[in-house]
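This structure is a prediction, so every number in the text was calculated from the model and none was measured. First the proteins, then the strands, lettered A, B, ... as listed; each starts at 1.
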Amino acid sequence: MLEHLKDLHAQALEELNRIDNPRELELWRVQYLGKKSSLTQSLRSLAALPLEERREVGAQANEIKTALESILAEKQRLLQETFLSSSRESGTLDVTLPGRPLPTGRTHPTTQILEEICDAFKSMGFQVIEGPDVEWDYYNFEALNMPQHHPARDMMATFWVDTGVSGKARLLRTHTSPMQIRLMEKERPPIRAIVPGRVYRYEATDATHESMFYQVEGLAVDKGITLADLKGTLFDFCRCIFGEERKVRFRCDYFPFVEPGVEVAISCLACSGTGCRLCGNSGWIEILGAGMVHPDVLARVDIDPGIYSGFAFGMGVERIPMLRYGIDDIRLFYGNDLRFLRQF
Amino acid sequence: MKVSLKWLKDYVDIRLTVGELAERLTMAGLEVRGIEPVGGTWDSVIIGEVVGLGPHPNADRLKLATVNVGTEQVSTVCGAPNINVGQRVAFAHIGARLVDSHTGAVVVLKPAEIRGVASEGMVCSEKELGISESHEGILVLPPDAPIGVPLAAYLGDVVLDLEITPNRPDCLSVTGIAREIAALTGETLHLPEIHYEEAEKSIDSFASVDIADPDLCPRYCASLVTGIKIGPSPIWLRQRLNSYGMRPINNVVDVTNYVMLEYGQPLHAFDYHKLRGRQIIVRRAVDGETMTTLDGSQRALYSETLVIADKERAVAVAGIMGGLDSEVTDKTDTILLESANFNQAAIRRGCGRLQFQSEASIRFDKGLNAGLPVLPLKRATQLLLQLAGGKAAKGIIDIYPGKSEPKLVSLSTREVKRLSGLKINIDEITEVLTALGFECQESDSRSQISVSVPYWRSDIRCAADLVEELVRIIGYEKIPMTRLGSPLPAQKSRLSPTARQSNLRERLGNILTGLGFQEILTYSLVSLEKLQKLSPKLELTIPPLKVANPMTREQEYLRTSLRAGLLATLAYNQKFEQAGVRLFEIGKIFLPQHPHVIASEAKQSEKGKELPQEKKMLCAVLSGARAELSWQPDKELLDFFDAKGVVENFLGQLGLKASFENSDDEGLFPARRANIIATDDKVGVLGELHPRVAQAFELSNTVYLIEIDLEKLLTRIAGARGYQSIPRFPSVIRDIALVIDEQVSYRAVEQAIQSFSLVAKVTLFDLYRGEQIPEGKKSFAIRIIYQSPSHTLTDEGVDRTQEQMLARLQKELGATLRS
Ligand SMILES: [Zn+2]
């Protein structure tokens, strides 16, 4: 038995000497140290031997096993070193070969900017709600101080939807402002919400006009809300979206459902205020229409304008990526040419 | 509204530069869109006097003129018929920049020899100077024009192009804008002084006015001038009309237009002798009545149209256009001048019916005040007497059935602060409002005033309107900036349906883009044809809602499916794409409500029930090569199982386990379509696009489509998740290969295996047909992972379970173990 073990040891060492790769080394390990190797077998069969012999053979077998294990470890280390140094010299990968391509998808640029806008207002405590695209004349115009024949209706050419059973006028909303009314009919102050959504205009399309685009509406109503709050909130928003270095200008403008009315402009992104083609030489770019909610509008939804006040604002969404990326044609947005969409 | 700076300076001192003025006006709500200099190019044009005129030696129609330009006398060849000795003219030296009368381009005047005679410059027409389109003769300046002075100093001007918002019809006038400038700069407004001599004979003996429909005509005023002489207007008047873009016609018409620009009140001049019966009647037209208007076209009138009539017939469409019959002509010697107020809506309807707008109707349409007509009427009468001679009849006619008291609005410093955030004391408030023409009366307290609104400001109705007046004059930039300090509204739960839906939209967007899908957004309006093409039989399952006034046939119906937009986009892009295309859209579809629902609900509710159902959907398409061209090629095409993998992936990420059953969606190919079931309810479909549909959309590759109803999906997600503890005991892996009839679905096999409680996971890792497998059979290679939550499995235990399993598979599905 002892003789056999000694032969085995010698044979193992001899074979190991000839091995020069990890695959053969693994086979060697299985043969001499694996579960079914004769060394392991002989250790298992010790129980059948007489006590005296058992001790001697056992000691010998364990000794050989430990020796083989340590020389195996040494051999593994040597092989790995040889491998590392040789591949450094000869087998270097051409790392400039292209990676295995994975399909790439992106969200639409409008979706991206909508998320940015919503995030900016969410951080100021505004909640995001949505409303219907098909609206009543009442919500889109009448309740917003634009009765039939009001001149301001001319500025929002309307798509009408075939009249329903009751004969009342349905339309595709021309702005997101009808949600101001729907929201105030349902909720009582304090109200602080924004409404992103699609709007529609019956207009011939060109580089700056689309028949469908996105707006974000905003509304804050409570006791003690002032024009100063409007300025502060929209100033923060403009800086948030357009950068800290932007100047923000508030000037008087007219929208029938606010009073006083405000137009918010930022200093031109292209010329920073000196005047260029982008800003029509004015140095300013209009971003938002806004104002204090008109007392008649508040009264119409049973919110006492003598106690409560609020501000509302609305902005076109596509304008922002157009300015940011220098996109000169709004029709690219919903034309969905992938060569365009994949740039964002 | 275009307005001449010189003209404005007649009424208010302007010390600001043009740029500063434009800035102030813009900030205060009168946006200056453009600043156009007049005479900016006239650097070599000098006022001269024609001192000599002789015939041209070689041309009958040309003359040789000698012009005294102050420092010298120059000679020039001139072809104008109206040139005469003693005239003051605009003389252009060689090098002057002038408008070419033929091309309209600005050209530099070059030395010229005309028919053998050298010309040292040119006597200019209005067109050559860029003042107007007039080129019939040279521009003749008034006799007091200073010789030798550059023309730019004499006639030069700046024209401001202002955007007037619909609430400010008073600013569609020069005096209105001047009043704004006065208030903004603290200057005084000087309106023209109006006085003229009247004859003995009263206007009432010439004409009477009857307003038959006072609801449409709150006020009608008229004056009368006899013995006038029609002729051209002087240069200053012509130039002012030109600066506004209006063509001068004759002194009478020009005066009415001039005063309209000056005061914003449209005026109309009738040839008095052509009015029959010495009578003006303001009435609704009779249906079927016709009239020939100034432009020469005969127009049918309707009962809703307001007309000015004499005793016999209509002579003008009120506030919109005059009639040809009563037009002022060269022979006119007596004028009845109308200055009236007409109902805004009536004018608007009238313009709509006639398909016509005029400078007058645009102003009435914005809502003019009935307080306005008298002053402009008197001003025009004064100018007529000055420019056309004649005598004014005594007095004016003023019929005023719509008279109302001036509006009173009360305003407190508290209210100003409450809305603007700005503390302004009562004296400052009074000062600003007074400058704008409001009359302020102090009440008992020092913090409140009563404000009387001037007639021209019909837009001012409440305290908020006055607050705007204050802050826009003081300057929006003076308002401080504060952050909202009011309490936040109660925050909606993230679990509320709306919050969940917007979260779901965002999550799905993130997941699908991560899986390589590009998001697109397509129009809500589509063509009927596109919706029809979604069905192989070209039938509409849902009748779409139609837009009553579509722009194009491409955008005529509200979409009832996202498929049309996606497929059209896919078709458009496939010619540019080498690799596969994966697209998705999340958006609304519009379903008309069921007619029965409408009828019953419309009765119950006044508003809000009859709008279409707007449903949020997700639709995705994938088509073409699975992988991009690469040096390690995968040239397979995308197929059904790619689409299914996507569905399983995103539903899995949302915590849902999907199952699939055959579908009957007719837009999909019957052999390869499935309903998507999530927790026992159908949430959508997937499958191969029906080849006929693909053909109709001109799609070249096979297209796979996924469609999910997001509201349904949302109900499935609610409560779908539960926690399972991490397994503490090791698992045992066994692979088996089953031979089974073709008709048996994998789902049946999987379910049979999963019915054993020790089975933790089942994975199909090979599907084989061919050699060694009999005809009509297939082979599934399946990996089964066994695991127990309570103990370590033994080989013997797993063997026993698997034997039972194989027995059941054999008995129920006819499956045998592949040897
Ligand atoms: Zn610029």
Side-chain angles (χ1 to χ4, degrees), chain A residues 97-98 100-108 110-111 125 127-129 132-134 136 138 149 151-152 159-162 164-166 170 190-192 198 202 211-212 220 222-229 231-233 235 250-254 259-260 292 294-295 309 334 336-339 341, chain B residues 26-29 165-167 345 348 365-366 418-421 462 464-465 467-468 471-472 476 479-484 486-489 492 498 502 509 512-513 516-524 545-549 551 569 573 576 582 598-599 602 607 610-612 614 627-628 630 632:
Chain A
L97 282 172
R100 231 165 249 125
L102 290 172
T104 315
R106 296 169 177 83
T107 48
H108 192 281
T110 300
T111 306
Q127 294 181 351
V128 183
I129 56 162
D133 291 22
V134 183
W136 295 115
Y138 174 78
H149 303 301
F159 280 113
W160 298 93
V161 177
D162 283 354
V165 172
S166 72
R170 293 186 297 183
I191 292 170
R192 225 186 264 194
R198 289 182 170 194
Y202 178 72
S211 57
M212 178 190 94
D222 200 7
K223 288 177 189 161
I225 291 182
T226 69
L227 194 56
D229 293 329
K231 278 185 74 176
T233 304
F235 178 81
F250 297 83
R251 58 169 284 262
C252 179
D253 201 353
Y254 169 71
E259 192 74 28
M292 301 301 291
H294 199 288
S309 55
Y334 310 113
N336 289 312
D337 190 316
L338 294 180
R339 295 168 297 177
L341 295 180
Chain B
T26 299
M27 290 298 286
T165 52
N167 59 323
R348 201 179 176 81
D365 186 20
K366 300 278 192 291
R418 188 177 77 94
L419 293 178
S420 71
C462 61
D465 295 324
V467 171
E468 178 177 274
V471 291
R472 73 184 185 86
Y476 276 38
I479 306 278
M481 285 203 266
T482 53
R483 294 199 167 87
L484 278 169
S486 82
L488 285 176
K492 293 264 179 343
T498 46
S502 75
L512 285 166
T513 51
F517 283 75
Q518 170 66 48
E519 186 189 25
I520 62 167
L521 295 170
T522 65
Y523 296 103
S524 306
L545 276 167
K546 188 175 179 295
V547 166
N549 56 334
M551 284 295 292
T569 304
N573 282 288
F576 310 116
R582 298 166 174 85
I598 298 164
K607 58 193 175 206
E610 203 192 319
L611 294 174
E614 300 189 4
E628 282 173 44
S630 165
Q632 291 174 308

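- Comparing A:Ala228, A:Gly125, A:Ser309 by heavy-atom pairs within less than 4.5 Å of chain B, the highest count is held by A:Ala228.
- Side chain of B:Gln518 to backbone of A:Arg106: a donor-acceptor contact under 3.5 angstrom is found.
- Neither the backbone nor the side chain of B:Ala627 has a heavy atom closer than 4.5 Å to any heavy atom of chain A.
- For the pair A:Met292 and B:Leu419, the tightest heavy-atom approach, listed with the atom from each and the gap, is CE-O, 3.7 Å.
- Of the atoms belonging to A:Ile191, it is backbone heavy atoms, and not side-chain ones, that fall under 4.5 Å from chain B.
- In this structure, chain B has heavy atoms under 4.5 Å from both the backbone and the side chain of A:Pro98.
- Atom CZ of B:Arg418 and atom CG of A:Leu227 lie 13.0 Å apart (nearest 0.5 Å).
- Highest contact tally toward chain A, considering only B:Asp365, B:Thr522, B:Leu484, B:Leu512, is held by B:Leu484 [criterion: heavy-atom pairs under 4.5 Å].
- Here A:Asp222 is the residue among A:Thr110, A:Asp222, A:Leu102, A:Thr233 with the most heavy-atom pairs under 4.5 Å with chain B.
- Between atom OG of residue B:Ser630 and atom CZ of residue A:Arg100 there is a gap of 7.5 Å, rounded to the nearest 0.5 Å.
- For the atom pair B:Leu488 CG and A:Arg192 CZ, the distance stands at 4.5 Å (nearest 0.5 Å).
- Here the closest non-hydrogen pair linking B:Arg582 and A:Pro103 is NH1-CB, 3.3 Å.
- Contact tally against chain B (heavy-atom pairs below 4.5 Å) for A:Asp337, A:Leu97, A:Asn336: the top residue is A:Asn336.
- Of the atoms belonging to A:Asp253, heavy atoms from both backbone and side chain fall under 4.5 Å from chain B.
- Of the listed residues A:Phe235, A:Tyr334, A:Phe250, A:Tyr254, the one with more heavy-atom pairs under 4.5 angstrom with chain B than any other is A:Tyr254.
- Of the possible donor and acceptor atoms, one in the side chain of B:Asn573 sits under 3.5 Å from a partner among the backbone N and O of A:Leu338.
- Among the candidates B:Gly509, B:Cys462, B:Pro487, the residue making the largest number of heavy-atom pairs closer than 4.5 Å to chain A is B:Pro487.
- If you take OG1 on B:Thr482 and CD1 on A:Ile225, they are separated by 10.0 Å, rounding to the nearest 0.5 Å.
- Chosen from B:Thr26, B:Thr165, B:Val471, the residue pairing most often with chain A at heavy-atom distances under 4.5 Å is B:Thr26.
- Contact between B:Asn549 and A:Tyr202 at its shortest, heavy atoms only, is O-CE1, 3.0 Å.
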Walk me through it: do B:Val547 and A:Trp160 pass the test side-chain contact (heavy atoms from CB on, under 4.5 Å)? CA-CA 6 Å; B:Val547 166; A:Trp160 298 93; over 6 Å; no
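- Only the side chain of A:Gln127 comes within less than 4.5 Å of a heavy atom in chain B; its backbone stays farther off.
- A donor-acceptor pair under 3.5 Å links the side-chain atoms of B:Glu614 to the main chain of A:Asp133, judged by distance alone.
- The two residues B:Tyr476 and A:Lys231 come nearest to each other via the heavy atoms O-NZ, 2.8 Å.
- Summarising the geometry, atom CG belonging to A:Asp229 is positioned 11.0 Å from atom CZ belonging to B:Arg483; distances are rounded to the nearest 0.5 Å.
- Here the closest heavy-atom approach between residue A:Met212 and residue B:Tyr523 is recorded as SD-CA, 3.8 Å.
- How far OG of B:Ser524 is from CZ of A:Arg198: 4.0 Å, rounded to the nearest 0.5 Å.
- Side-chain atoms of B:Arg472 do not come within 3.5 Å of backbone N or O of A:Pro260 as any donor-acceptor pair.
- Of the listed residues (B:Leu521, B:Leu545, B:Thr569, B:Asp465), the greatest number of heavy-atom pairs within a distance under 4.5 Å of chain A belongs to B:Leu521.
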